[in-house]
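Note sheet for the following structure.
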Amino acid sequence: MNGEGHEARPSGKPRHGIFRYCYSGRLDSSKVAGKFVISDRGDNVRVAKGGAVKEAGGAGMMMANTADNGKDLIADSHLIPATMVGHITGDKIRDYVTSDPSPTATISFSGTVIGTSPSAPMVAALSSRGPNHLTPEILKPDVIAPGVNILAGWICYTSLTDLDIDPRRVDFNIISGTSMSCPHVSGLAVLLRKAYPDWSPAAIKPALITTAYNLDNTSRNITDLANGDARKKSNLTTSRTIASISRCNTN
């Protein structure tokens with residue numbers, strides 16, 4: 001198990017000094033080959049970290065969140081066996097690696113495990129935060145919608161990761177971001193336009209905003225995955241059925 005990567009910048013170091021970000025061509029293959037590598041989340045694309053480990057001969061990778069991302073977990077189509085853990089769990093693993101002279105790691109997939117579910121939906125760590133920092137009186141975002149770990153159709157002419165070293169071609173992919181939350185809101189706008197063909201975009205937008213809700217499935221304010229704080233002014237524009245199984249990204 002190896003905790004060494006590449007420090008992209010001197011500022012913003014994680015709590016444990018040896019843990020860095022994995023960049024293509026910057027990992028020491030003599031240390032990485034055949035090892036399970038720990039990489040901090042951030043600074044470069046998540047799937048690119050796994051690609052860098054693969055290029056250096058690594059056997060697997062664990063991506064650990066920093067405080068900025070909290071317990072926000074995202075499914076990625078890595079090129080090597082990989083997993084992702086939240087900030088608190090990541091710190092425990094970092095402590096283990098730095099204290100044990102011969103640390104080991106195993107990724108074990110036990111299928112779908114059903115247990116106590118956390119409240120849902122939650123605001124994703126990658127989401128934008130309002131209000132506008134240049135013009136505080138402009139409250140943004142207007143609405144939020146499911147945008148994390150969304151299974152959707154994929155153009156088979158490009159790889160799962162968009163990396164040049166990725167030869168895989170599929171019809172479906174799991175991706176996250178505004179590009180996933182936007183279609184949810186757009187779909188609702190289309191349904192409204194179908195029901196009310198005379199409505200203009202200026203009418204549809206406030207209809208979505210004023211009929212949204214800001215409570216999760218426990219009837220409490222939607223919380224923030226990055227830090228657990230309640231987002232009192234967050235509004236969700238999708239049905240509870242969709243929202244209850246998805247985290248959210250602002251749009």
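The first residue in the sequence is number 1, and the count goes up from there. We use all heavy atoms of the structure for the numbers below, so side chains are in, but hydrogens, waters and symmetry mates are not.
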In terms of hydrophobic clusters joined by side-chain contacts under 4.5 Å, are I88 and V97 together? no
Are the side chains of V185 and L188 in touch, meaning some heavy atoms are under 4.5 Å apart? no
Grab the two heavy atoms, one from N149 and one from A75, that are nearest each other, plus how far apart they are. OD1-N, 2.7 Å
CD1-OG distance between I144 and S181, expressed to the nearest 0.5 angstrom: 9.5 Å
Has K35 got a side-chain atom pairing as donor or acceptor with S29's backbone, closer than 3.5 angstrom? no
Does atom CG of D162 have more than 12 heavy-atom neighbours, drawn from other residues, nucleotides or ligands, at distances under 6.0 Å? yes
When you look at V123 and L225, which way does the side-chain contact (heavy atoms from CB on, under 4.5 Å) test go after all the steps? CA-CA 6 Å; V123 179; L225 270 170; over 6 Å; no
When you compare the side chain of I107 with that of F36, does any pair of heavy atoms fall below 4.5 Å? yes
Could you go step by step and tell me if N221 and D216 meet the side-chain contact (heavy atoms from CB on, under 4.5 Å) rule? CA-CA 6 Å; N221 287 321; D216 62 23; over 6 Å; no
Given the rule that I, L, V, M, F, W and Y join up when any side-chain heavy atoms are under 4.5 Å apart, are L27 and M63 in one cluster? yes
Looking only at side-chain N and O atoms, does N65 offer a donor or acceptor that is under 3.5 Å from a partner on K71? no
Over 12 non-hydrogen atoms of neighbours within 6.0 angstrom of CZ in R169: yes
Rounded to the nearest 0.5 Å, what's the gap from OG on S127 to CG on D72? Could you check? 8.0 Å
Pair M62-I93, side-chain contact (heavy atoms from CB on, under 4.5 Å): steps then yes or no: CA-CA 10 Å; M62 183 200 79; I93 296 174; 3.2 Å; yes
For A64 and R94, the nearest pair of non-hydrogen atoms, with its separation, is CB-NH2, 3.1 Å
Rounded distance [0.5 Å steps], OG in S159 versus CG in D164: 8.0 Å
Of all heavy-atom pairs linking M61 and H78, the shortest is CE-CE1, 3.5 Å
List the atom of S119, the atom of T218, and the distance in Å for their closest heavy-atom pair. CB-CG2, 4.0 Å
Please report, to 0.1 Å, the donor-acceptor pairs under 3.5 Å made by any side chain of residues 195-207, with sequence neighbours excluded.
unit_1 : atom_1 : unit_2 : atom_2 : d
S200   : OG     : A202   : N      : 3.4
S200   : OG     : A203   : N      : 3.4
K205   : NZ     : D142   : OD2    : 3.3

side-chain contact (heavy atoms from CB on, under 4.5 Å) evaluation trace for S39 with V53: CA-CA 9 Å; S39 174; V53 174; 5.9 Å; no
CE on M122 to OG1 on T223, rounded to 0.5 Å: 4.0 Å
Identify whether V47 and W154 are in the same connected component of the hydrophobic contact network (ILVMFWY, side-chain heavy atoms under 4.5 Å). no
Is there a continuous path of hydrophobic side-chain contacts, each under 4.5 Å between heavy atoms, that joins I80 to M84? yes
Test salt bridge (charged side-chain N to carboxylate O under 4.0 Å, His left out) on R41 and D68; report intermediate values, then the result. CA-CA 9 Å; R41 179 179 174 179; D68 289 340; over 6 Å; no
For I114, does the CD1 atom sit with more than 12 other heavy atoms under 6.0 Å from it, leaving out its own atoms? no
Nearest 0.5 angstrom please: D91 CG to H87 NE2, how far? 4.0 Å
Testing the basics here: between S176 and S179, what is the closest heavy-atom pair and its distance to 0.1 Å? O-OG, 4.5 Å
Would you confirm whether H184, through its side chain, and P146, through its main-chain N or O, come within 3.5 Å as a donor-acceptor pair? yes
Would a single hydrophobic cluster contain both I174 and I150, if residues Ile, Leu, Val, Met, Phe, Trp and Tyr are joined by side-chain heavy-atom contacts under 4.5 Å? no
D95 and K92: salt bridge (charged side-chain N to carboxylate O under 4.0 Å, His left out), yes or no, with the steps? CA-CA 5 Å; D95 286 335; K92 292 179 179 178; over 6 Å; no
Judged by atom type as modelled, is there a donor-acceptor pair below 3.5 Å linking the side chain of D43 to the main-chain atoms of Y21? no
Starting at CD of E137, measure out to CG of L134 and round the result to the nearest 0.5 Å. 10.5 Å
L160: side chain to side chain contact (heavy atoms under 4.5 Å, CB included) partners, not counting sequence neighbours: S77, D166, R168, V170, N173
For N44 and C22, which heavy atoms make the closest approach, and how far apart are they? ND2-O, 2.8 Å
